[in-house]
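Basis for what follows: all heavy atoms, side chains included, without hydrogens, waters or symmetry-related copies. Quick note on labels: first sequence line is chain A, next is B, and so on, each numbered from 1.
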Protein chains: 2
Amino acid sequence: MRRVNIQEVAKEAGVSPSTVSRALNGFPGISEKTRERIVEIARKLNYRPNYRGQILTTQSTKNIGLLITDIANPFFPELVMGAEEYASKSGYTVLLGNTSESEEKETNYLDFFSRGPVDGIIISASRVSNEHIIMLAEEGLPIVVINRILEHPKISYVSTDMEKGGYLATMHLLRLGHSKIAFINGPKHSEVSQRRLEGYKKALKEAGIDYNSDLISFNVPVSESGYKEAIKLLCTGEAPTAIFTYNDVMAFGVIKAAKELGIKIPEELSVVGFDDIFFSSFTDPPLTTIKQFKEELGRMAVELLFKLMEGERESLLIEPELIIRNTTSRR
Amino acid sequence: MRRVNIQEVAKEAGVSPSTVSRALNGFPGISEKTRERIVEIARKLNYRPNYRGQILTTQSTKNIGLLITDIANPFFPELVMGAEEYASKSGYTVLLGNTSESEEKETNYLDFFSRGPVDGIIISASRVSNEHIIMLAEEGLPIVVINRILEHPKISYVSTDMEKGGYLATMHLLRLGHSKIAFINGPKHSEVSQRRLEGYKKALKEAGIDYNSDLISFNVPVSESGYKEAIKLLCTGEAPTAIFTYNDVMAFGVIKAAKELGIKIPEELSVVGFDDIFFSSFTDPPLTTIKQFKEELGRMAVELLFKLMEGERESLLIEPELIIRNTTSRR
DNA sequence: TATAATAGTGCAATCGCTTTTTAAAGAAAG
DNA sequence: CTTTCTTTAAAAAGCGATTGCACTATTATA
């Protein structure tokens, strides 16, 4: 039993393919009687229009491509859910590309997406350059970027206010009396890392504390990095009393390291994460963190993408929120 | 700057489109000199073949569709990573469909996938019926199912041995002296739930303990369900001394409930999860669980799919493993 | 009744590429 | 100097849908 195409339906119904097409797509210029008959036959033959042929003619795929960096980090799945839910309401399907922190994969997916399988792209990945994105946008592909601020007439963005996030976390620790605050940051090249660092510096400055680059490190944003950096920091003579991490999973690594070293959280070490993923309330102790509105981010990205498809450009910044749990305490 | 198509390249090079195609795809029947010239021009114009046109003729998309139930449950991302890594080695892209436990979405994605955007499908979702899957397979679409045992000449499967898993978990608790073991199971219709329940029963039977259906419940497999069921179970007069959950995130819910009720784990209540997701070693206390080899599952699914595309059918069962951490103790 | 308007269809072009077929040019052989 | 063979590239035929245009029956209008 092979797939049946429009010709076969047409033959069976004794009409032309165009008539079948009109009948099935609810177009006018066809008698109700014929329509019903064709619809019935199509149903009986289990005909569904071939996607490959269809998109070639209609020039619309009803797909959007969503590029994410690391599906294993729950930040992204939550974002994906927000995007998907909103997209599916308008009959769009989300094609997910996971790049596993690899620039090559990022480029590959982008290249693939730009060749036609989707009507627009949402990028929530940091490796690919702004220039590359701009190039694609100028070819006419609607693009929305998440968590990078990219001002360009053909690109929209939605981002958490990262500077604010870095500021909030640092300020919280400063208020608790900490002055030696390490920042286990994300990838150096990443705009997000840079913006959060700005927030960190700003808070320090306001508190009149000198910035010490020894307390800053740049890392691949996975749990393992948090663990390793924490070990390094905590084994020096001048160990910090508080650690702020680029994301929650890295904070998990820090917690693990502290436990292994017999350092009590929050009594001897305060930890603040970033993202507020689902599991952060289940750790021991529950993690203090900066909440990003992940579903919102995904949802807004799709909304902005739809607008962009209609030629309307709009971008926005979403305020993060400090969630105080039990990994931070007064110095 | 619009996308350039093969005609424009042909015009620029002063040859026909077919010649351009031959040049770029490395086909014979064209002089090396012409090929080089065309390749150069194509590069300069930044030409990349339009995907929509290409797949219509070649009948190959180099995509595989992967249907998953719940991207927010880390079980799936790990599986996805395994699949993606293996697929990309052969130049295939994975299109992910997340169905959020909705049968409608599952059907929609399947319908979409079956219309042509992919060369084959991997299904790791439980709502859609075997009959539906078989129908698609008989239309000629290669399909591999994960964690369901579906014997059909055109379908391959790879599954964790669920019965073994249920048995392992229950036996572990029995050996620790528990006799009243609740099982907060997954969806009733799901084959996985049924198979695990078989394992549970088998262990009970071997221990000479009567099966009590009051201790069994069927649920949507999310954290919330674990929480609610645990509250229900623990507030009855005859509370169980051990709880086995359908998956780890549900076990997280149980842990949360026990904490709120002031019940100590593992002293007063033992908990065993299923899956061994990344976060299970970070909970308080770290979770005893049954490990599924998730990346392996994803990787094998792709491998079997590739084989199926070449007409070779093969299926297999993967043994799960008991991971003992700190949520279980002697009664 | 003749003519115009309209409804219902089919034909053919199109989307952008690949692939088969055909033709032209050049080289080798007689 | 033909004839035959080989090389190279153009032309044409799909792939499976959609869609503008043209044609043929109807029906309505004068």
In whole Å, what is the span from the CG atom of A/Asn5 to the P atom of D/dT18? 12 Å
Parallel under 30°, tilted from 30 to 60°, perpendicular over 60°: which one fits the rings of A/Tyr51 and B/Phe112? perpendicular
Between P of C/dA7 and CZ of A/Arg35, the distance in whole Å: 14 Å
Among D/dA17, D/dA10, C/dG16, the one nearest any side-chain atom of B/Ser16 is D/dA10
Under 3.5 Å, is there a donor-acceptor pair between the side chain of A/Thr61 and the main chain of A/Asn63? yes
Which residue, B/Thr19 or A/Val20, contacts DNA chain D at a nucleotide closer to its 5' end, judged by nearest heavy atom? B/Thr19
Any base atoms under 4.0 Å from A/Phe27, or only sugar-phosphate, or nothing? Heavy atoms, all strands. sugar-phosphate
Please report the distance, rounded to the nearest Å, between CD1 in A/Ile30 and P in D/dC23. 21 Å
Between atom OH in B/Tyr51 and atom P in C/dT18, what is the gap in whole Å? 13 Å
Nearest-Å distance, OH (A/Tyr47) to C1' (D/dG16)? 8 Å
Base, sugar-phosphate or nothing for A/Ser21? Non-hydrogen atoms, less than 4.0 Å. base
Quick one: do B/Glu310 and B/Lys307 make a salt bridge, cutoff under 4.0 Å? no
Distance-only, no hydrogens or angles: does the A/Asn25 side chain make a donor-acceptor pair with backbone N or O of A/Phe27 under 3.5 Å? no
Assert: residue with more 5' nearest nucleotide on DNA chain D, out of A/Asn25 and B/Gln59, is B/Gln59
Please confirm whether the shortest side-chain N or O distance from B/Thr57 to OP1 or OP2 of D/dG14 is below 4.0 Å. no
Are B/Gln54 and C/dT18 close enough that a side-chain N or O sits under 4.0 Å from OP1 or OP2? yes
Nearest to the A/Ile6 side chain among D/dC15, C/dC17, D/dA17, which nucleotide is it? D/dA17
Name the nucleic acid region contacted by B/Ser31, choosing base, sugar-phosphate or nothing; use a 4.0 angstrom heavy-atom cut-off, strictly under. sugar-phosphate
Does OP1 or OP2 of C/dC17 have a side-chain N or O of B/Thr58 closer than 4.0 Å? no
For atom CD1 of A/Ile55 and atom P of C/dT14, their distance in whole Å: 20 Å
Nearest listed nucleotide, side chain of A/Gln7, among C/dG10, D/dA17, C/dT19: D/dA17
Return yes if the base of D/dA11 and the side-chain atoms of B/Ser18 contain a donor-acceptor N/O pair under 3.5 Å, otherwise no. yes
Send over the distance from A/Glu139 CD to C/dG16 P, rounded to a whole Å. 14 Å
Tell me if the centroids of the rings in A/Tyr92 and A/Tyr86 come within less than 6.0 Å of each other. no
Could you check which of D/dC21, D/dA9, D/dC15 has an atom nearest any side-chain atom of B/Arg22? D/dA9
Separation of atom CD in B/Glu32 from atom P in D/dA9, rounded to whole Å: 11 Å
Ionic contact status for A/Arg313 with A/Glu151, cut-off 4.0 Å: yes
